[in-house]
Every structure is written in structure tokens, then in C-alpha cells.
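For reference, the structure is listed below as C-alpha cells.
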2 protein chains.
Amino acid sequence: MANYIKLRARLMRDDDIAFGPGKAQLLDAIESTGSISAAARELGMSYRRAWLLVDTMNRCFREPLVHSAPGGKHGGGAEVTEAGRRIRQRYREMEQALRDLADDFEKSLENELN
Amino acid sequence: MANYIKLRARLMRDDDIAFGPGKAQLLDAIESTGSISAAARELGMSYRRAWLLVDTMNRCFREPLVHSAPGGKHGGGAEVTEAGRRIRQRYREMEQALRDLADDFEKSLENELN
DNA sequence: CACCGCTATATCCTGCCGTGCATAACGAAA
DNA sequence: TTTCGTTATGCACGGCAGGATATAGCGGTG
């Protein structure tokens, strides 16, 4: 039996999601593959979706988190900027702190379950 | 501009959601109205959905969180059990602790936004 | 200078979640 | 014993998020 607390923390800017778990994961994939399309393939999502996530991130923050360019060798590509890495790290730190806290509560709720 | 961190914590039991923010709110509404259907109306959700949420809760936990009965005066009704109140309170405490923690991180992320 | 893989964007299509609706059973009260 | 509002459950419809597909433009490299 897999009993656990599923957490989700999203940084909202008005009505759109500036940052969240999916976007953090996407930054990882872009960093390791060097392109949005390869990252999308790696994560099993459509290029459309990946591009929309990147676009939303870049629009929400002061500095872009991903720098991308068409053309060039093997067709340009994309890279995670300094700001991107910084924001991702802050987010991950928050995620970890939330996780630790949730785990403290987990047992007291879990032992009420079947 | 409404910038904030949206949090969601769900207690999972295998594949179904044993408890979460919607179920906590539903318990409140059942407590104040005395029936599942009135609670659903109050929250603007379908009776079907409300009933499914109650059913999932009751199946996941050792003791039922809601006791319900058909028939009777004005058609039976439903009430939140002692276990229901206890679990809801534990959950709310966790939610509050997570909220406080997230607020600490909020500013360091928020001031990167537009 | 043609090729290639990528970015960028629009349009169509689909699967899923939840609502709406319909129905049956229940049991206290009048 | 009739009435009434509820519990309990199934089924068909609709909205919408995301996938699939199509197309155009870009610019190093061979």
C-alpha cells in the first residue's frame, strides 16, 4: 500500500502559473538536452506544451529563465539562464522544506487509514 | 497583481485521494447543513460529486468520517463523526504549517517576478 | 547554397472529469 | 399509508486541457 502525502506548490502571477513542479522538471530536461523539443520528448510531453510552459515562465519573470534561438548548428536550441537556475534552486529548497514538514504530519494521518 | 504561492496537500491511499482541501471544506458544509445534498448546493457542486468524495473518504479510513442515513425526518441526512472532526483538524494544522513555511519563501521568489 | 533540426505558432482532434438528469429505496412524520 | 427530502447509483452530454498535426522561418554546416 502506497500511502503518502502528495504536495504541490505553484508560484502564481495573477492567473497563470509562473513556476511549479512541471516547470522545474522541464528546466532540468532542457539543461541536459540543450533544446526544448528534445526535453519534451524526454518527458513524454508535446512540444506545444513544453513551449507554452517556457513561454509562460519567461513572460512572468523579470529575466527569462530559458534562452532559445532557431537556426544555427543542428537548429539552434535552448539553454537555462543564470536566473533560471537560481529560481529553480530556490523553488527546490522550498519544495524540500515543505516535504520535510509534511512527512512529520504524515504518520499521525496515515495511521487512521486502512 | 495577485502574486502568491498556491499550495495543495493530498493524503493518498494507493490511487485515490483519502483527504484534501476539497474534502475538508465538504466536511465543514456537511457539519453546518446536516446533509450531503445541502452541502453540495452550498458549495456549488453536484450531489454526485459530493457523494463520491464522502464515499472515498469513508472507504479509505478505518472509521467513517461521515455517517449518513436515508429516510427519516425530512429524509435522513448526514453528520460528521468524531473521527471526521479529528482528521480534519490534523489536516488543517498541517495546511497551516505548510502555509507559514511557504510564506517565508514567497518573497525571495516573488521579487523575481514582473 | 542547399540541407537539417530546431523555434514559433495556428488549427483540429480527443480523452477525461464533472455536471445534469433520471431512477429507486428509505423511513420518520402527518 | 401517503408524503417528502434525503441517500444511493447509473448513464449520457459538454467543456476544456493537452496532444497531434501542419506550416513557416531561422541560420550554422557541409
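These numbers were taken from a predicted model, which means no experiment stands behind them. So that the names make sense, note that chain A is the first sequence line, chain B the second, and so on, each numbered from 1.
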Report which part of the nucleic acid [X] touches: base, sugar-phosphate, or nothing (heavy-atom distance under 4.0 Å, all strands).
{"X": "A:Gly76", "result": "nothing"}
{"X": "B:Ala69", "result": "sugar-phosphate"}
{"X": "A:Gly77", "result": "sugar-phosphate"}

Rounded distance (Å) that lies between atom [atom2] of [N] and atom [atom1] of [X]:
{"X": "A:Met45", "N": "D:dA20", "atom1": "CE", "atom2": "P", "answer": "12 Å"}
{"X": "A:His74", "N": "D:dG27", "atom1": "NE2", "atom2": "P", "answer": "17 Å"}
{"X": "A:Tyr47", "N": "C:dT11", "atom1": "OH", "atom2": "C1'", "answer": "17 Å"}
{"X": "B:Lys73", "N": "D:dT2", "atom1": "NZ", "atom2": "P", "answer": "25 Å"}
{"X": "B:Arg49", "N": "C:dC21", "atom1": "CZ", "atom2": "P", "answer": "18 Å"}
{"X": "A:Leu43", "N": "D:dG18", "atom1": "CG", "atom2": "C1'", "answer": "15 Å"}
{"X": "A:Leu52", "N": "C:dT11", "atom1": "CG", "atom2": "C1'", "answer": "14 Å"}
{"X": "B:Leu53", "N": "D:dT9", "atom1": "CG", "atom2": "P", "answer": "15 Å"}

Distance-only donor-acceptor test (3.5 Å): side chain B:Arg48, base C:dG18: no
Pair [X] + [Y]: basic N to acidic O under 4.0 Å:
{"X": "A:Asp28", "Y": "A:Arg92", "value": "yes"}
{"X": "B:Glu112", "Y": "A:Arg13", "value": "no"}
{"X": "A:Glu31", "Y": "A:Arg88", "value": "yes"}
{"X": "A:Glu82", "Y": "A:Arg85", "value": "yes"}
{"X": "A:Glu110", "Y": "A:Lys107", "value": "no"}

Within the structure, does a side-chain N or O atom of [X] lie under 4.0 Å from either OP1 or OP2 of [N]?
{"X": "B:Arg41", "N": "C:dG20", "value": "no"}
{"X": "A:Trp51", "N": "C:dA8", "value": "yes"}
{"X": "A:Ser37", "N": "C:dG5", "value": "no"}
{"X": "A:Ser68", "N": "C:dC6", "value": "no"}

